[in-house]
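Structure first, then comments.
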Amino acid sequence: MFKRVFLLLCVISLSFVVFGFSIKGINFVENKSGTKVTVIHNSAQPLHYKVIANNGKMFVIEVEGLNDLNTNIPVINTEEVLSFNAEPVDGAMRLTFLLKKNVKAKVENKGKLLSFVFYHVNNKTVIKSITVEDVLDNLSLIKIACSKKPYYTVDRENNIVTMVLHNAKIENTPEELKGVVVDQVDDDVIIKVKKDIDNLSTRVKFVKNNLLLYVGESVKAGEETKPEQITGETQPQYAFLTKTIAGGQKKYVGEKIGLIDIKDIDIRDLLRYIADFAGLNLIVDSSVQGTATYRFKDIPWDQALDIILKDKGLGSELQNGVLRVATLDKFRKEAEERRKLKEEKELAVDTQTIAKSLSYAKAKDIMPILNSFLSKRGKIIVDERTNTVIITDIPKKIPPILEMIDLLDRANAQVLIEARIVETKKVFAKEIGIQWGFTGIYDSSLGTQTGMSFPNTIRFGGTVDPTTGSLGSIGGYAVNLPAVNTTSSIGLMLGNVLGSFSLDMVLSAMENQGMGRILSRPHVVAQNNKTAVIESGARIPIQTIQNNTVTVKYINASLKLEVTPQITAEGTIIMDLNVKKEEPDWTHTVQGNPTIITRNANTQVLVKDGGTTVIGGIFQVNDQNSNDYVPGLHNIPLLSWLFRHKLESSENNELLIFITPKIVK
């Protein structure tokens, strides 16, 4: 029997030496409390090691059975550690730390993590006081006043919680505390808390040089007590909670990890390392499987955790200081099951019926909105005669529906909209014209014969008929360029004694100037988000004949204002506007039907209450300059005016549309 046991031990020892274990990562973190170096391995049991040197200048250990180094060796140069090296030596792994002055080392060997903590002995954390408060029936607060944030570890076994403050000293020995034991052991302060609770849970916070240790019973996520309810402060509940800033990015607030450099490590071991670094309790679901290879440097640990979870398709939830990690699919199924169970419990109660009469809103209009608040057992009936909604649903759904009815059943604000359509017209015209003619007669009866047989008689002169303007016999105008719209004229007639020669001249002129202004001012009152229309004018009958059939169609020629106002939270008014002015023009007709002059503006504007804005304007300028000439002769200097007609005209039309809204109060 003894030989068999001895042989089994030899086989185990041989397998340990032959197969050994490998290092998957070496990470370090530097903070105000010191430097922590962690060796991550794949051994199922804590490693066996021995200290070779610890003389204040050098700290050397050898880890047995580690014969493989599957990671990079980090370069460490901190306030406590000058340099670091790892190398295989005779079936073991030697870790060498070169320390700075007044630095001590401690070893933590748990699970798959072998950690070394280095700290200055002359830079201890001073514990000024320790007090205990019963916050709730099942929750105690141990408040530790410190000179600075200490490096600490928290362990829980059965109903005892042990917190170790490393490199710390008690300034004043505390008096006897209820359920709490405080001891100073070398450079550590050990605090033990005992509570007769089955589901014991812890949480640690550091606020304003106070280390807060909460010890109490685990609660469900929905019943979890918020930190501000306990301390009156609005600090984040846990260090790794994220905050939303501009751009939807996350702000990570966790302590930075100096280095994570691992290769092919079990994902569950990596999560244990991060939870240990953050001081959180950890539950890893059996659905979490696989290995990981990561290298992170100088990033917050909560960011590293977030990246790892996203990369592996995992999710997490935090309840009372316990971090639970599982696959997203499992979280979805659990959430769906909780939702269904909650919904079934809610629907299991008796329904309630409420009748609510409305004052301002129409019941049938708000019914589609209310239907979205109903449960599966709920229904709404509308009585249009009394404008009443009848609601039947479980009691939990009734109050929000009634609250929504009160929100919707309100008097709409009203807006007075006034439009002013201003039309101006300015006309100027000037016209100058001339008419002149001459007649010459050589005839023996007048004693002006030519003395020849041919031509014995001669007649010459203008031939334009002054009454019709057409060509006629000799004796009319030679130049006929009168002013068309004559307002003034002057004439001259010259002749000789015999009447054989005569000269007639008429100078005509016209100048006209005028201004006109038309103001149209429609206004209407409209409810908020309701369309209002006001129109005034005439309907013009338009007659058409087609296939011997007479058809009469009426066309509107009116002044119309159509508006839909919307009052904003700032007191301004958004308006959808359609302003139209149409009138018949009987001076221009087609088959006896007048043309329609249209002025129209269709737009959306934002105006202050009581303010005025111009929503549109049209400015037209029509300048004309017309000249009629006698070819060639109008170029004679000084006498060119005798051979031309000149017309100058100018017409300016301007249209402006003003809008003024006022909220009726």
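Below, all heavy atoms of this structure are taken into account, side chains as well, without hydrogens, waters or symmetry copies.
Across Val525 and Ala532, no two heavy atoms sit closer than the pair O-CB, 3.9 Å. Nearest heavy-atom pair, Phe438 versus Ala478, reported as atom, atom and distance to 0.1 Å: CE2-CB, 4.2 Å. The nearest pair of heavy atoms linking Pro541 to Asn593 is O-OD1, 4.1 Å. A pairwise comparison of heavy atoms in Val349 and Pro395 identifies CG2-CD, 3.8 Å as the closest pair. Heavy atoms only, all atoms of each residue included: Arg521 and His523 are closest at O-ND1, 3.5 Å.
By the neighbour-count criterion of 12 heavy atoms within 6.0 Å, atom NE2 of His634 is densely surrounded, having more than that number from other residues, nucleotides or ligands. Surrounding CZ of Phe619 are more than 12 heavy atoms belonging to other residues, nucleotides or ligands, all under 6.0 Å away. The number of heavy-atom neighbours closer than 6.0 Å to CD1 of Ile490, taken from other residues, nucleotides and ligands shown, is 12 or below.
Between Arg420 and Thr660, the side chains place a donor N or O and an acceptor N or O closer than 3.5 Å (distance only, hydrogens not considered). Between Tyr294 and Asp311, the side chains place a donor N or O and an acceptor N or O closer than 3.5 Å (distance only, hydrogens not considered). A donor-acceptor contact under 3.5 angstrom links the side chains of Asn556 and Arg539, judged on distance only. Side-chain contact check for Thr598 and Lys580: no donor-acceptor pair (N or O, by modelled atom type) lies under 3.5 Å.
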- prompt: Can you check side chain to side chain contact (heavy atoms under 4.5 Å, CB included) on Leu309 and Val325, steps first, answer last?
  reply: CA-CA 9 Å; Leu309 295 179; Val325 180; 3.8 Å; yes
task: Starting from the C-alpha separation in whole Å, work towards a yes-or-no answer on side chain to side chain contact (heavy atoms under 4.5 Å, CB included) for Val630 and Arg644.
output: CA-CA 6 Å; Val630 175; Arg644 69 180 180 183; over 6 Å; no
- request: Carefully, step by step, assess Leu305 and Trp301 under the rule side chain to side chain contact (heavy atoms under 4.5 Å, CB included).
  value: CA-CA 6 Å; Leu305 177 63; Trp301 67 264; 4.2 Å; yes
task: Evaluate side chain to side chain contact (heavy atoms under 4.5 Å, CB included) for Val579 paired with Asn600, printing each intermediate quantity in order.
output: CA-CA 6 Å; Val579 183; Asn600 185 17; 5.7 Å; no
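Thr531 is listed as a side-chain neighbour of Glu562, based on a closest heavy-atom distance under 4.5 Å. When side chains are defined from C-beta on, Lys379 does not count as touching Asp393, because their heavy atoms never get closer than 4.5 Å. Between Ile394 and Leu347, the closest side-chain pair of non-hydrogen atoms falls below 4.5 Å. Using a 4.5 Å heavy-atom threshold, the side chains of Ser502 and Leu494 count as separate. By the 4.5 Å heavy-atom criterion applied to side chains, Asn622 and Gln624 are counted as neighbours. For the pair Leu655/Val422, no side-chain contact is recorded, criterion being any heavy-atom separation below 4.5 Å from C-beta on. Taking 4.5 Å as the limit, every side-chain heavy atom of Leu328 sits out of range of all side-chain heavy atoms of Leu314. Looking at Asp504 and Leu492, their side chains never come closer than 4.5 Å, going by heavy atoms from C-beta outward.
Counting only distance, with no hydrogens or angles, the side chain of Trp436 and the backbone of Leu503 share no donor-acceptor pair below 3.5 Å. With hydrogens and angles disregarded, no donor-acceptor distance shorter than 3.5 Å links the side chain of Arg459 to the backbone of Gly440. A donor-acceptor contact shorter than 3.5 Å is absent between the side chain of Glu654 and the backbone of Ile618. At least one donor-acceptor pair closer than 3.5 Å links the side chain of Thr568 to the backbone N or O of Thr572. Asp585 places a side-chain N or O within 3.5 Å of a backbone atom of Thr587 that can act as its donor or acceptor partner. One N or O on the side chain of Asn496 and one on the backbone of Phe501 form a donor-acceptor pair closer than 3.5 Å. Without hydrogens or angle criteria, Asn528 side chain to Ile567 main chain gives a donor-acceptor distance under 3.5 Å. Side-chain atoms of Ser508 come within 3.5 Å of backbone atoms of Ala483 as a donor-acceptor pair (strictly under, hydrogens ignored). Ser640 places no side-chain N or O within 3.5 Å of a backbone atom of Pro637 that could act as its donor or acceptor partner. For the pair Asn652 (side chain) and Lys426 (backbone), a donor-acceptor distance under 3.5 Å is absent.
Of the listed residues (Lys333, Arg339, Arg332), just one forms a salt bridge (charged side-chain N to carboxylate O under 4.0 Å, His left out) with Glu336, and that residue is Arg339. Under the side chain to side chain contact (heavy atoms under 4.5 Å, CB included) rule, Gln604 has a single partner from Thr564, Leu577, Ile574, which is Ile574.
Using a 4.0 Å cut-off between charged side-chain N and carboxylate O, Glu334 and Arg324 make a salt bridge. Contact check on Glu651 versus Lys425 returns a salt bridge, with a Lys/Arg side-chain nitrogen under 4.0 Å from an Asp/Glu carboxylate oxygen. A salt bridge is absent between Lys430 and Glu511: the closest approach of a Lys/Arg side-chain nitrogen to an acidic carboxylate oxygen does not fall below 4.0 angstrom. No salt bridge links Glu582 with Lys560; every basic N to acidic carboxylate O contact stays at or beyond 4.0 Å. Looking at Lys662 and Glu418, no side-chain N of the basic residue comes within less than 4.0 Å of a carboxylate O on the acidic one, giving no salt bridge.
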Donor-acceptor pairs are to be reported for all side-chain atoms of residues 350-367 against protein atoms at under 3.5 Å, with residues two or more places apart or in another chain.
unit_1	atom_1	unit_2	atom_2	d
Thr353	OG1	Thr392	OG1	3.1
Lys356	NZ	Asp406	OD1	3.4
Ser357	OG	Thr388	OG1	3.0

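A distance of 9.0 Å separates CZ in Phe373 from NZ in Lys397, rounded to the nearest 0.5 Å. Rounding to the nearest 0.5 Å places CG of Asn387 at 8.5 Å from CG of Asp383. To the nearest 0.5 angstrom, Leu481 atom CG is 11.0 Å from Leu642 atom CG. A distance of 6.5 Å separates CG of Leu408 from CG of Leu370, quoted to the nearest 0.5 Å. The CD1 atom of Ile573 lies 9.5 Å from the CG atom of Leu416; values are rounded to the nearest 0.5 Å. Between atom CG of residue Leu507 and atom CH2 of residue Trp641 there is a gap of 6.5 Å, rounded to the nearest 0.5 Å.
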